[in-house]
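The structure appears right after this line, and notes come after that.
Start at 1 and go down the list; that is how both ligands and their atoms are numbered. Note that the structure is predicted; figures quoted are calculated from it, not measured.
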Amino acid sequence: MLRVAPDPAALYRDAVEEVTRIASEAVRRAGVFTFALAGGSTPRELYRLLAAGDSPFRARLPWDRFEFPWDRTHFFWGDERLVPPDHPDSNFRMARDAMLAIAPVPPDHVHRIRGEAEDAATAAADYEQELRRHFGAGGDALPRFDLVLLGMGADGHTASLFPGSPALGETARWAVAVRRAEDAIDRVTLTPPVFNNAAHVVFLVAGAAKAAAVKQAIEGDAPPERLPSRAIRPLRGTLLWLLEREAAALLGR
Ligand code: 6PG
């Protein structure tokens, strides 16, 4: 499914509503909401608005009171760079500054990827252990996030799944180390089987620079090795693209 917003303000309003709806449903059903956050710059405004709570959209929301279930939400990340948590490139830091440090989030509900680890393989293995602890999943049972939020780069990458990356073919591990040739930055990413086991996956994409990749991802037939966001196909969950007009400009419909 996809929805196109006429401008960035409408995109973020739709995203706040969608995330809050999914969170409320998860809490009603299971008492807890597990949320894998995206990095990059696009979601910053969404995080800020969620934490602001008293948003200008409040009156439009289908609940009597717009209250995000902070005390029931557990935060994870889809990917991270191998940098300390205070580093400007840290995805954890972006979410912390925009949302987690502002909203009433219990500290033990924040399950970050330890970018300060000695190497990315260690950080990936530690993160997988953290997921196993939290989801109580043993053996081959994959974790099932209530919501995975993803962004997409102009080359079609999502999380830290880059074109040509061996991580795209990973079938056993839940989190792996990756190194992107272009920038030689070590990273950790969740793998396609984990993303595809989520109950809901939402892509949030804005800007004309993404328009060609959006068209390829949604209407093209490139294999995931060339366009990694095409590896995201929830097996028993929903996939929603929230697009801002310029990002959707090349779509056929
Ligand atoms: C990251 C990401 C990455 C991001 C895209 C889009 O860690 O940077 O998780 O996959 O979502 O590169 O980034 P922008 O929102 O900054 O365009």
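Using a distance-only test at 3.5 Å, with no hydrogens or angles considered, no donor-acceptor pair links the side chain of K210 to the main chain of G153. For the pair R245 (side chain) and A5 (backbone), a donor-acceptor distance under 3.5 Å is absent. Judged purely by atom type and a 3.5 angstrom limit, H109 uses its side chain to pair as donor or acceptor with the backbone of T73. Between the side chain of R230 and the backbone N or O of G220, at least one donor-acceptor pair lies under 3.5 Å.
Using a 4.0 Å cut-off to heavy atoms of N91, the atoms of ligand 1 that qualify are 1 (C), 7 (O). Atom numbering of ligand 1 starts at 1 in the shown order; those under 4.0 Å from a heavy atom of T42 are 14 (P), 15 (O), 17 (O). Those atoms of ligand 1 with a heavy atom of D79 less than 4.0 angstrom away are 1 (C), 2 (C), 7 (O), 9 (O). Annotation for ligand 1: atoms under 4.0 Å from non-hydrogen atoms of M152 are 5 (C), 6 (C). In summary, the atoms of ligand 1 found under 4.0 Å from a heavy atom of G151, numbered by their order in the structure, are 11 (O). Each of the atoms 3 (C), 5 (C), 10 (O), 12 (O) of ligand 1 lies under 4.0 Å from some heavy atom of H157.
In terms of protein heavy atoms, atom 13 (O) of ligand 1 is closest to G40 CA, 3.7 Å. Atom 17 (O) of ligand 1 has as its closest protein heavy atom K210 NZ, 2.7 Å. Given atom 8 (O) of ligand 1, the protein heavy atom at minimum distance is R81 NH2, 2.8 Å.
Applying the 6.0 Å contact sphere to CG of D221 captures no more than 12 heavy atoms from other residues, nucleotides or ligands.
Aromatic rings from F135 and F76 are positioned such that their centres are separated by under 6.0 Å.
For ligand 1, none of its N or O atoms has an N or O atom of T158 under 3.5 Å away.
At a heavy-atom cutoff of 4.0 Å, ligand 1 is contacted by no atom of E80, backbone or side chain. At a 4.0 Å heavy-atom cut-off, ligand 1 touches S41 through backbone and side chain alike.
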Intermediate values then yes/no, salt bridge (Lys or Arg N to Asp or Glu O under 4.0 Å), D119 and R179: CA-CA 11 Å; D119 55 46; R179 172 172 271 231; over 6 Å; no
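The pair R81-D183 fails the salt-bridge criterion, with no side-chain N (NZ, NE, NH1 or NH2) lying under 4.0 Å from an Asp/Glu carboxylate O. Look at R29 and D146 and you find a salt bridge, because one of the NZ, NE, NH1 or NH2 atoms lies within 4.0 Å of a carboxylate O, short of that distance.
Within the 4.0 Å heavy-atom shell around ligand 1 one finds A159. Not close to ligand 1: R187, with no non-hydrogen atom less than 4.0 angstrom away.
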